[in-house]
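The structure appears below as structure tokens.
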Protein chains: 2
Amino acid sequence: MLDANRIRVLVEIAHAGSIAAAAERMSFTAPALSQQLAKLEHELGCVLVERGRGGARLTEAGRVLLGYGERVLGELRDAETAVRAIAGEAPRRLSLGAFASAGKVLVPSALAAFGQAQPHVRLALFDIEPPDGYGLVASGELDLLITHRYPGVPLPDAGRLHREQILIDPLLLVLPEGHPAATADADPHLADLVGEEWICGAPGISNRTALDSAAETEGVHLDVAYETRDYEVTLALVKAGVGIGFVPQTILRAEPGAGWAARPLAGQRPAREIYVVHRSRPPAPVPAMVETLRRSARRALD
Amino acid sequence: MLDANRIRVLVEIAHAGSIAAAAERMSFTAPALSQQLAKLEHELGCVLVERGRGGARLTEAGRVLLGYGERVLGELRDAETAVRAIAGEAPRRLSLGAFASAGKVLVPSALAAFGQAQPHVRLALFDIEPPDGYGLVASGELDLLITHRYPGVPLPDAGRLHREQILIDPLLLVLPEGHPAATADADPHLADLVGEEWICGAPGISNRTALDSAAETEGVHLDVAYETRDYEVTLALVKAGVGIGFVPQTILRAEPGAGWAARPLAGQRPAREIYVVHRSRPPAPVPAMVETLRRSARRALD
DNA sequence: TAGCAGGCTCAACTTCACCTTACGCTTCGA
DNA sequence: TCGAAGCGTAAGGTGAAGTTGAGCCTGCTA
């Protein structure tokens with residue numbers, strides 16, 4: 001039978017990106033992990049990790065084993081909390097991963113409400129940018145993940161994890177106050193905004209993919225002049241009149257409404273979908289937190 | 001994190017029924033398992049196993065951990081075979097659990113066909129009487145389980161295992177040749193057979209539960225004069241004229257038809273349902289074997 | 001009531017697997 | 001050409017795990 005500790009070594013190496021970094025996280029030295037990994041590879045008769053300058057990357061066999069290994073570690077963690085729960089010991093920690101803008105808008109109110117309802121549970125919050133984080137949930141490093149999908153971006157395979165949509169967050173066009181499109185009678189089309197300087201994430205960032213796919217649908221090309229993935233920066237730039245952007249409605253709700261105007265796009269109604277992801281039989285505080293997040297999500301749009 | 005080897009100790013103890021028997025199976029001595037189990041219990045702060053004369057029984061906490069532990073072990077096994085499959089190493093063994101009468105009728109033809117199609121796969125066959133065997137599948141000790149449900153007997157919770165019905169096997173009344181009910185124009189009711197001496201399993205055996213629940217439905221009481229769970233014995237006794245019984249149609253198909261007569265029961269049409277159970281992502285030969293069994297099941301009734 | 005057998009546990013000893021330290025190799029960038 | 005980052009190998013100490021042997025409890029039996 002494969003050794004669970006060696007599996008854990010593989011999982012940590014995969015998550016950390018290198019043997020040295022994984023050793024650091026596990027409070028071991030690099031040779032220890034190197035030896036364990038070598039034994040695992042020898043036992044299986046195949047290479048699991050490609051070593052190279054700048055870290056370690058998994059081979060196909062390594063990725064397959066990673067998937068199983070994450071589930072094994074998750075089951076082991078859940079087993080422990082489940083048994084302790086039977087013995088009357090309530091879980092005292094819940095770790096939550098969220099993307100940056102959820103961490104600023106959706107999560108704080110939920111955390112506050114949850115902290116009041118269950119003051120004995122310590123909350124650990126991690127910044128996880130989609131599409132990452134599924135493996136961390138599977139392996140139990142995270143109990144709950146808040147992730148999103150922008151239009152044009154595929155949703156990752158959830159494996160045996162449970163995924164639930166908690167919010168559809170419309171993407172609104174944000175313009176400087178006084179911009180012609182802000183005051184026009186009809187909602188603007190993308191085609192009306194081709195000459196603008198756009199503020200958006202760099203290529204590969206979800207909102208950029210969404211903007212590009214919306215533009216492609218309309219058959220136009222947009223000029224992204226300022227690249228930032230931070231919606232607060234986007235809004236500041238819009239207020240400064242340097243360009244226009246696409247911003248989720250929940251972000252705008254939390255922002256003082258001076259210096260900018262928001263309008264829906266005519267035709268397409270792009271929106272980002274927000275999901276929570278957790279294991280199928282999560283530890284006790286997770287369902288409560290999910291319910292809190294659902295409520296928080298409902299309030300985020302009203 | 002819980003130690004997977006200690007979890008394995010618990011699972012083996014649960015399956016074997018005692019520390020000594022589990023030690024035997026694992027090729028360890030009893031004190032070794034005792035110590036590992038004690039450490040596991042100490043680590044979790046609760047008793048997992050009630051020790052007593054005649055073996056060991058799990059506590060509630062132990063049963064919960066058993067469920068998780070079986071999944072962990074199953075994942076570890078499947079991980080190994082999946083990685084080896086990528087490395088081009090085909091699995092060479094498939095272990096199959098089946099209840100006795102399936103082992104005599106349904107399985108042999110399937111095993112023969114499978115052995116011809118995949119001669120390199122060694123088959124290991126185990127006698128597992130329902131409702132047992134689910135844990136063995138989960139932990140990977142079995143790759144495939146053939147189990148059944150008789151009317152009136154609840155189907156166990158399959159957890160995360162995949163269960164598929166492959167056959168509905170009608171239960172027919174079996175009478176000595178020349179018995180009045182065998183030659184009557186209409187199918188007999190149970191009420192017509194109250195005075196008979198029945199041949200059936202002991203209380204608690206599935207077919208006895210089925211017979212009792214059928215009798216209860218009709219509001220009659222039947223007299224079981226001969227207790228045997230073996231349908232070949234049942235048939236021999238019927239041929240000898242000492243009583244009547246209920247036998248699945250597939251069993252009768254495989255039996256030379258002299259000395260007895262079979263008829264369906266009027267009103268109720270009791271049947272045993274036959275299922276295959278395996279893990280959700282089973283090793284490679286399992287789907288092929290399931291397909292072989294499906295075909296074998298279809299032929300068993302025609 | 002004593003003896004016995006099955007099953008679990010305790011204590012001392014031994015072994016071996018794992019981790020650490022120290023050193024060497026390779027690659028990339030300054 | 002040097003240095004830094006990352007990985008591998010070798011040698012050595014330590015602790016955990018398994019074995020042996022003895023003891024305890026419980027239920028059966030003579």
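Annotation: side chain of A/Glu129 is in contact with side chain of A/Arg229 (closest heavy-atom distance under 4.5 Å). Contact check for B/Leu76 versus B/Val72: side-chain heavy atoms found under the 4.5 Å cut-off.
Taking the six-membered ring where the residue is Trp, A/Tyr150 and A/Tyr231 present parallel rings, their angle staying beneath 30° rather than reaching 60°.
A/Leu37 has its CG atom 13 Å from the P atom of C/dC18, to the nearest Å. Atom pair A/His42:NE2 and C/dC18:P shows a separation of 13 Å (rounding to whole Å applied). Atom CG of B/Leu33 is separated from atom C1' of C/dC8 by 11 Å (rounded to the nearest Å). A/Gln35 has its CD atom 13 Å from the P atom of C/dT21, to the nearest Å. The CD-P distance, from B/Glu50 to C/dG7, rounds to 18 Å in whole Å. Taking atom CG on B/Leu48 and atom P on C/dC8, their separation rounds to 15 Å, with Å as the unit.
Counting only N and O atoms by type, the side chains of A/Tyr68 and B/Arg281 include no donor and acceptor under 3.5 Å apart. When only modelled atom types and interatomic distance are considered, A/Arg272 and A/Ser101 share a side-chain donor-acceptor pair under 3.5 Å.
Atom CG in B/Leu73 sits 11.5 Å away from atom CG in B/Leu136 (nearest 0.5 Å).
Side-chain N or O atoms of B/Glu41 include one that pairs as donor or acceptor with a backbone N or O of B/Leu48 at under 3.5 Å.
Using a 4.0 Å heavy-atom criterion, one finds that A/Ala32 contacts the bases of the nucleic acid, with or without backbone contacts as well. As judged by a 4.0 angstrom heavy-atom cut-off over every strand, A/Thr29 is placed among the base-contacting residues.
Of all heavy-atom pairs between B/Val47 and B/Arg51, the closest is CG1-NH1, 4.4 Å.
Aromatic pair A/His148/A/Tyr275: ring centres not closer than 6.0 Å.
Chain B approaches DNA chain D within less than 4.0 angstrom (heavy atoms of the protein), and the contacting nucleotides run 5' to 3' from D/dA17 to D/dG27.
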Would you tabulate the nitrogen or oxygen pairs shorter than 3.5 Å linking the protein to nucleotides 22-29 of chain C?
from: C/dC28; atom 1: O4'; to: A/Arg53; atom 2: NE; distance (Å): 3.0

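Nearest-nucleotide positions on DNA chain D place A/Ala38 closer to the 5' end than the other of A/Ala38 and B/Asp3.
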